[in-house]
Amino acid sequence: MRVDVVTIFPAFFDVLEVSLVGKARGSGLLDVRVHDLRDHTRDRHRTVDDTPYGGGAGMVMKPEPWGEAIDAIVADASAAPIFVFPSPAGEVFTQATARELATAEHLVFGCGRYEGIDERVFTYAASLGRVRMISLGDYVLNGGEVASMAMIEAIARLIPGMVGNPASLVEESHEDGLLEYPSFTKPASWRGMDVPDVLLSGHHGRVAQWRHAQRVERTRERRPDLLPSTD
Ligand SMILES: Nc1c(O)cccc1[N+](=O)[O-]
């Protein structure tokens, strides 16, 4: 998978070199390219924003640099990309979204700042590929970089070969609608707290049963919205 990121803070994505994604980059599973939007400006001040038509507070990201950045990315792309623009006005990102996007050949993340990107950029991008406006959640961030980082990690780890033991992807929270069970490791007793006996029993059937029951109980307590409605 190829992932391009367009941002005015390219250094923000340096961390991808050290994370899970960094390992995949080295193995050829993932090709991540970060682009500084300001490299696609034409003026001395490398201007990327301007005042909004119609008035209002804040600034809007100019369409010209975005158009040039998108053209440069698409120029050497082997397939029509999916453009992902993190936005509070987007569909909510879920594990199902991550699974879907993990099958894409080419993703382009466009990180907006200020009051957002000129709307014509999304229209232009839609002429070159699929456009998805995606939100991490109902809260306000200063831009799309944090959201893009989270989405890239959630997506990249689902690419076959990315995670050493694929079985570890199975009983994770949100993979099958239930939250994950509690985990324990040595020592068996720590500061007066003991590991549940069933986990020391060596009885795999009972362990599996206990873990499932814990997942249902946790989901009921913390995320009842994930459980099928009983009415
Ligand atoms: N919520 C938010 C935002 O305020 C700005 C950019 C991206 C997001 N988001 O993806 O959730």
Side-chain angles (χ1 to χ4, degrees), residues 1-16 19-21 30 32-41 47-67 69-70 73 81-104 106-126 128-159 172-175 179 222-223 225-226:
M1 178 188 286
R2 175 177 164 179
V3 175
D4 288 273
V5 183
V6 180
T7 171
I8 59 171
F9 296 120
F12 188 94
F13 293 90
D14 288 354
V15 72
L16 289 180
S19 67
L20 185 66
V21 175
L30 195 60
V32 179
R33 308 179 193 191
V34 182
H35 310 266
D36 185 342
L37 182 66
R38 294 190 193 279
D39 289 346
H40 298 281
T41 57
T47 308
V48 293
D49 63 321
D50 205 334
T51 53
Y53 277 121
M59 303 289 274
V60 174
M61 299 190 96
K62 296 165 56 66
E64 300 97 325
W66 280 99
I70 289 170
I73 289 168
I82 295 177
F83 294 92
V84 177
F85 290 97
S87 165
E91 63 182 281
V92 176
F93 186 78
T94 65
Q95 188 66 10
T97 319
R99 278 198 297 269
E100 177 193 350
L101 294 178
T103 63
H106 186 187
L107 297 175
V108 180
F109 285 83
C111 300
R113 279 271 150 174
Y114 311 109
E115 295 309 308
I117 303 169
D118 185 296
E119 190 71 16
R120 292 167 290 183
V121 171
F122 308 132
T123 305
Y124 179 65
L128 299 168
R130 176 103 185 274
V131 171
R132 301 283 290 269
M133 311 300 288
I134 302 183
S135 168
L136 273 194
D138 297 335
Y139 39 78
V140 180
L141 301 171
N142 290 330
E145 285 79 7
V146 168
S148 292
M149 186 74 81
M151 293 184 209
I152 289 169
E153 174 155 322
I155 292 162
R157 63 195 300 277
L158 297 178
I159 295 172
E172 292 184 316
S173 289
H174 306 294
E175 192 51 53
L179 301 186
R222 302 178 188 175
R223 290 294 306 275
D225 57 295
L226 294 178

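Numbering of ligands and ligand atoms starts at 1, following listing order. Just so it is clear, the model here is predicted, and its values are computed rather than measured.
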Next item on the list: Answer yes or no: is there a donor N or O on one side and an acceptor on the other, between the side chain of Thr47 and the main chain of Asp49, under 3.5 Å?
Entry: no
Note to self: Below 3.5 Å, N or O to N or O, backbone or side chain included: is there any such pair between Leu136 and ligand 1?
What the structure shows: yes
Next item on the list: Indicate yes or no: does Asp118 engage Arg120 in a salt bridge with an N to O separation below 4.0 Å.
Entry: yes
Checklist line | Between CG on residue Asp50 and CE on residue Met59, distance to nearest 0.5 Å | finding: 5.0 Å
Next item on the list: Might you confirm whether atom CG of Asp14 has over 12 heavy atoms from other residues, nucleotides or ligands at distances under 6.0 Å?
Entry: yes
Note to self: For atom 1 (N) of ligand 1, what is the closest protein heavy atom, and at what distance to 0.1 Å?
What the structure shows: Tyr139 O, 2.6 Å
Notebook entry, point to check: In the protein, what heavy atom is nearest to atom 4 (O) of ligand 1, and what distance, to one decimal place, separates them?
Noted result: Leu141 N, 2.7 Å
Note to self: Just to check, does Ile134 reach to within less than 4.0 Å of ligand 1 when the distance is taken from its heavy atoms?
What the structure shows: yes
Next item on the list: May I ask you to decide if the ring planes of His40 and His35 are parallel, tilted or perpendicular, using 30° and 60° as cut-offs?
Entry: tilted
Notebook entry, point to check: Can you find an N or O of Gly144 that's nearer than 3.5 Å to an N or O of ligand 1?
Noted result: no
Margin query: List ligand 1 atoms under 4.0 Å from Ala147, heavy atoms only on the residue side.
Written below: 10 (O)
Next item on the list: List the closest protein heavy-atom neighbour of atom 5 (C) of ligand 1: residue, atom name, distance to the nearest 0.1 Å.
Entry: Pro88 CD, 3.6 Å
Checklist line | Residue, atom name and distance, where the atom is the protein heavy atom closest to atom 6 (C) of ligand 1 | finding: Gly143 O, 3.4 Å
Checklist line | Proximal ligand 1 atoms for Gly137, defined as those under 4.0 Å from one of its heavy atoms | finding: 1 (N), 11 (O)
Check: Just wondering, do Pro86 and Leu136 contact through their side chains at under 4.5 Å, heavy atoms?
Finding: no
Item checked: Distance (rounded to the nearest 0.5 Å) between Ile159 CD1 and Leu30 CG -> 4.5 Å
